[in-house]
Amino acid sequence: MRDLPAVSAAALVTFAGAGPGAADMLTLAVARALAAADVVLHDRLVSPGVLALAGPQARIIETGKQGFGPAMAQGDISALMLAFARAGHAVLRLKSGDPAVFGRLDEEIEALEAAGIGWRILPGITAASAAAAALGASLTRRGRNGELRIVTGHDMAGYAEQDWRALARPGAVAAIYMGRRAARFVQGRLLMHGADPATPVAIVENASRADQRVIAARLGSLVAELAGVDGPAVLMLGLAPRAAEAAVPDLREALR
C-alpha cells in the first residue's frame with residue numbers, strides 16, 4: 001500500500017475528527033496524526049480507546065465542553081494551541097465526530113491565522129452517519145427526503161431555534177445533536193408547527209461504542225423514552241430502526 005502524501009512541516013496544528021467513539025472508526029490519517037502528535041488537546045467525548053492510540057511522547061490534555069455544564073473557555077483552548085505551537089510542538093486538536101460539525105472550528109482556525117501558525121484539517125465520521133448505520137437506515141431516500149438537516153438542540157444562547165415548519169413536514173429527516181436535554185423544547189416546537197406525534201424519532205445513545213443503545217420512539221413519546229438515557233445521544237428525526245420500520249405494516253394490519 002502506498003504511503004499517504006507528506007504533510008508540510010509548516011502545519012503545526014492539526015484539527016482532526018475522532019469519530020463517534022469506536023477507535024476502529026478513525027481514518028488512517030487521524031490514527032497516524034495521533035501517533036505522531038506531541039500534544040493532544042481533546043474534547044470530553046473522545047473515547048479512551050481513541051486516546052490510547054496516541055504515541056508515548058504525547059502530552060494529553062482534556063479541553064472539556066459539556067452542554068449546560070462546566071466547560072473550558074474557548075479563549076483558553078485557543079491559548080493552549082498557540083502556546084504549544086509557538087514552542088514548536090506538533091499539536092493535534094482532536095474533536096469528537098467531525099471537526100467541522102458543531103466543533104467551533106472556524107474560531108480556532110481564526111486564532112491560529114491571526115498568530116501566523118499553520119494548520120490542516122483531517123475529517124472524521126460524524127454522529128449522524130454512525131447513528132444511521134446503527135439503525136440500518138439511509139439518511140436520504142428517493143421519494144422520502146432529498147435533503148438531510150443536521151441541527152443542534154442548543155447553542156451558546158440556550159435552546160436553539162430552527163426552521164421548525166420545514167422539520168415538521170412529512171418525510172423530513174434530521175439528525176439532532178445535543179438534543180437530549182433539549183428534547184421537550186424540540187418536541188414542543190415540532191408539534192406546534194404541525195408535526196405528526198407518530199413521527200418516528202430514533203434515539204441512538206453512545207453511537208458506535210460497545211455500550212451503544214438504540215431506542216425506537218415517536219415524537220409524541222420522545223421525552224418519556226429519553227428518561228433512562230444518560231450518555232451522549234443523537235436524535236434521528238424521521239427515521240426508525242430497520243426492524244421497527246419493517247414491523248409497521250404488520251402493526252397497521254393488527255389495528256384494523
Side-chain angles (χ1 to χ4, degrees), residues 20 45 65-69 96-98 100-104 126-208 212-252 255:
L45 292 180
K65 286 186 179 296
Q66 181 176 355
F68 300 105
S96 60
D98 182 272
V101 180
F102 303 124
R104 298 191 179 182
T126 192
S129 297
L135 300 177
S138 175
L139 289 169
T140 59
R141 180 174 178 175
R142 285 185 296 176
R144 184 192 66 195
N145 67 305
E147 67 174 13
L148 165 69
R149 293 176 181 245
I150 297 179
V151 302
T152 179
H154 63 83
D155 55 23
M156 291 186 294
Y159 295 135
E161 293 291 353
Q162 310 293 343
D163 184 352
W164 301 111
R165 190 174 301 279
L167 290 170
R169 291 173 187 153
V173 173
I176 305 173
Y177 288 50
M178 297 168 279
R180 180 166 58 91
R181 296 188 181 183
R184 190 175 299 278
F185 170 80
V186 170
Q187 178 192 57
R189 284 292 192 270
L190 287 170
L191 294 175
M192 184 188 305
H193 286 81
D196 186 343
T199 300
V201 185
I203 303 164
V204 183
E205 180 184 16
N206 296 317
S208 86
Q212 171 182 283
R213 184 162 57 136
V214 175
I215 301 171
R218 298 285 171 177
L219 181 60
S221 63
L222 177 60
V223 175
E225 295 285 0
L226 279 164
V229 175
D230 296 319
V234 58
L235 312 181
M236 304 299 288
L237 176 69
L239 295 181
R242 181 163 293 278
E245 190 71 32
V248 169
D250 295 336
L251 177 61
R252 287 175 177 164
L255 292 175

Does some side-chain heavy atom of [Y] sit less than 4.5 Å from a side-chain heavy atom of [X]?
X: Met178; Y: Phe102; value: yes
X: Val186; Y: Leu235; value: no
X: Leu239; Y: Arg144; value: yes
X: Asp163; Y: Leu167; value: no
X: Leu135; Y: Val214; value: yes
X: Thr126; Y: Pro20; value: no
X: Arg213; Y: Val229; value: yes
X: Thr199; Y: Leu237; value: yes

Next on the checklist: Regarding Glu205 and Arg180, does a basic nitrogen lie under 4.0 Å from an acidic carboxylate oxygen?
Outcome noted: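 Salt bridge absent between Glu205 and Arg180.
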
Search all heavy atoms of [X] against all heavy atoms of [Y] and return the closest pair with its distance.
X: Arg218; Y: Pro197; answer: CB-O, 3.6 Å
X: Ala128; Y: Ala175; answer: CB-CB, 3.6 Å
X: Val173; Y: Gly238; answer: CG2-O, 4.3 Å
X: Ala216; Y: Pro241; answer: CB-CD, 3.8 Å
X: Ile203; Y: Ala217; answer: CD1-CB, 4.1 Å
X: Gly220; Y: Gln187; answer: O-NE2, 3.3 Å

Atom [atom1] in [X], atom [atom2] in [Y]: separation rounded to 0.5 Å?
X: Ile215; Y: Leu226; atom1: CD1; atom2: CG; result: 7.0 Å
X: Leu148; Y: Ser138; atom1: CG; atom2: OG; result: 9.5 Å
X: Ile176; Y: Met236; atom1: CD1; atom2: CE; result: 9.5 Å

Next on the checklist: Test your reading of the model: is there a side-chain donor-acceptor pair from Arg189 to the backbone of Trp164, 3.5 Å cut-off?
Outcome noted: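 Checked: no pair found.
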
Checklist entry - Does Leu219 offer a backbone N or O that forms a donor-acceptor pair with the side chain of Glu225 under 3.5 Å? => result no

Item to check | Steps toward side chain to side chain contact (heavy atoms under 4.5 Å, CB included) verdict (Gln162, Thr152) | outcome: CA-CA 9 Å; Gln162 310 293 343; Thr152 179; 4.2 Å; yes

Checklist entry - Can you say whether the rings of Tyr159 and Phe185 are parallel (under 30°), tilted (30 to 60°) or perpendicular (over 60°)? => result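 Because their plane-to-plane angle is under 30°, the rings of Tyr159 and Phe185 count as parallel.
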
